[in-house]
2 protein chains.
Amino acid sequence: MLTIGQVAEYLGVTVRAIRHYHQRGLLPEPERDASGYRRYGADMVVQLVRIRTLSDAGVPLARIEELMGASPAEFAASVAAIDADLKDQMAELRRRRRAIAELSSGDRLFVPDEVVVLLERLAEIGLSAEAMRTERDSWILLAAQHPDQVPGWAEQKRKLFENPAFQRMYLTADEAAAWDRDDPRLEALADEVNAFGGLQSPDEGAEPILALDALVAVTLMAAQTGRPVPAWERLIELCKSRATDVRARPEQPR
Amino acid sequence: MLTIGQVAEYLGVTVRAIRHYHQRGLLPEPERDASGYRRYGADMVVQLVRIRTLSDAGVPLARIEELMGASPAEFAASVAAIDADLKDQMAELRRRRRAIAELSSGDRLFVPDEVVVLLERLAEIGLSAEAMRTERDSWILLAAQHPDQVPGWAEQKRKLFENPAFQRMYLTADEAAAWDRDDPRLEALADEVNAFGGLQSPDEGAEPILALDALVAVTLMAAQTGRPVPAWERLIELCKSRATDVRARPEQPR
DNA sequence: TCGGGCCCTGACGCAGGGTCAAGGTCAAGC
DNA sequence: GCTTGACCTTGACCCTGCGTCAGGGCCCGA
């Protein structure tokens, strides 16, 4: 008759694991000797081998419990179910690896490719680092709620930057973040923004992005990240009063 | 400013998960309103998106914690490590699927193929169900300690059964389990066993299996599974006394 | 003012054990 | 006979990533 430690060493498992199986009711408690030690006969060892064989194959203990007393037919059915489980897990791992691979570049973190392209363009034309971060965060937020539309929107916004006048306007708006709320230059900037306000996307059927929309989104973002920009808030007010005749402006959500 | 429930719905995560991230220190606690409710700004939402993106990709929370403040280089290194982890997990799953597949037949449970073949042969020649179980359990035990040698041993034992006289002897020994300890037929049976005691394996270099060894193993097994067989014990004594001139018998381990 | 739906904290639960902690036993050497 | 070290015992807390109460407070519409 073997002690728990001898059985554990014989099978290459830990003492703790065997006791765990007793606790779970997977393996009946063996008889104790005079000093209370568990004493194992060969039959217990055989049961343990069966448990370990299944466990090593990745069968959860709860299922092993069912299997130990199952008929061959039930056993075969359970084995099929377990295999299907494993297949699902492998599919999940493949999905994760793809997801991980898409994070491989630190630059393209957390946003779709089209946004990455747009952000690179913004960096090219010399947008400030602060504005870059706000821009990226805005897209992250937007992508959380509209993952399907964001690639199209980003593409449309990128196309706007093919126009040098739009570039200049955007950079000026960037600089304007440092202006006072009542800076007189804001009036002229509002006129510039307004000039692009009605710009339509070249793709038919897609919802057009207005320059003002983009500005509003970024400003809202900035306002909510603890860095409110008074000059931008004023700028939006000015734009809105001019934009009413371009199209009816719906309430900005939230 | 959003409540925790609104943020959760916006991102498609549970409230509990967000609170969990706070507890883990993954996400800083936001400010509370007058009634103690958490209030989230867009910056928090952005952080949450980043956490979820990584988490959905299967990155453990502990690692996400490191990653949130990491440089692009550190980030890339960690991503590579995570991917390597995933590869390992996939290999493990493949191994488990193979192991599961080998259990697919209820008959061949927990023993190598060679033993399955042997057991089928034993069933063919009409071994009792009780003896079959003991035989199988003996092999399970043996395989736990000598996984590499068991296929060869099983093959050798199977070859012994090509001899009709060995078959008869084995079946008689099976019946003998029901005999008294002092049954006179045991003497003749011991002579039969002894006749095969020196049988050498046809494979050179492989350790020979003696008929007596097989009998001893099975008897020890039976003795330890709570079904001791007195007639077998006596039979072994008789065999041992005859076998001393066949070869020097080492002490039986344990 | 009442009900239903939010929110809060705290605690337990899961699988499969790992890892102490505090104490009893056993065999060997002195 | 006494000590030492290697076993054994039970019990309890630790890990992951939250789910799921339990017991209370807050808010809003009727």
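Numbers restart at 1 for each chain; the letters A, B, ... are given by sequence-line order, proteins then strands. As the structure is a prediction and not an experimental result, all values here were calculated from the model.
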Checklist line | Short side-chain N/O contact to dC7(C) OP1/OP2 from Arg38(B), under 4.0 Å | finding: no
Check: Hey, does the side chain of Ser55(A) come within less than 4.0 Å of dG17(C)'s phosphate (OP1/OP2), counting only N and O?
Finding: yes
Next item on the list: Round to the nearest Å and state the distance from Arg24(B) atom CZ to dG17(D) atom C1'.
Entry: 8 Å
Check: Charged N to carboxylate O under 4.0 angstrom, Arg24(A) versus Glu65(A)?
Finding: no
Next item on the list: Would you kindly compare Glu29(B) and Leu61(A) by the position of their nearest DNA chain C nucleotide and give the one closer to the 5′ end?
Entry: Glu29(B)
Checklist line | Whole angstrom value for the distance that separates P of dG11(D) from CZ of Arg16(A) | finding: 12 Å
Next item on the list: Specify the separation, in whole Å, of atom CD of Glu92(B) and atom P of dG16(C).
Entry: 13 Å
Item checked: Residues Glu92(A) and Arg95(A) bridged, charged N to O under 4.0 Å -> yes
Notebook entry, point to check: Closer than 4.0 Å, any side-chain N/O of Ser35(B) to the OP1 or OP2 of dC8(C)?
Noted result: no
Check: How long is the line joining OH of Tyr21(B) and C1' of dC18(D), in whole Å?
Finding: 8 Å
Note to self: Categorize Arg32(A) for me: base, sugar-phosphate, or nothing, with a 4.0 angstrom heavy-atom threshold over every strand shown.
What the structure shows: sugar-phosphate
Check: Once you round it to whole Å, what is the distance between P of dT9(C) and CD1 of Ile18(B)?
Finding: 13 Å
Notebook entry, point to check: So does Thr14(B) get a side-chain nitrogen or oxygen closer than 4.0 Å to the phosphate oxygens (OP1/OP2) of dG19(D)?
Noted result: yes
Check: Are any of Thr3(B)'s side-chain N or O atoms less than 4.0 Å away from OP1 or OP2 of dC6(C)?
Finding: no
Next item on the list: Look at atom CD of Glu31(B) and say whether more than 12 heavy atoms of other residues, nucleotides or ligands are closer to it than 6.0 Å.
Entry: no
Notebook entry, point to check: With a 4.0 Å cut-off, would you call Glu135(B) and Lys157(B) a salt bridge?
Noted result: yes
Next item on the list: Test side-chain hydrogen bond (donor to acceptor under 3.5 Å, both in side chains) on Arg52(A) and Tyr21(A) and set out the steps.
Entry: CA-CA 10 Å; Arg52(A) 285 307 304 188; Tyr21(A) 300 150; 2.8 Å; yes
Margin query: Measure NE2/His20(B) against P/dC12(C) and give the value in whole Å, please.
Written below: 17 Å
Item checked: Whole-Å distance separating the CZ atom of Arg19(A) from the P atom of dG11(D) -> 11 Å
Notebook entry, point to check: Would you say the base of dG25(D) and the side-chain of Tyr37(B) have a donor-acceptor pair closer than 3.5 Å?
Noted result: yes
Notebook entry, point to check: What is the distance, rounded to the nearest whole Å, between atom CD1 of Ile4(B) and atom P of dG25(D)?
Noted result: 20 Å
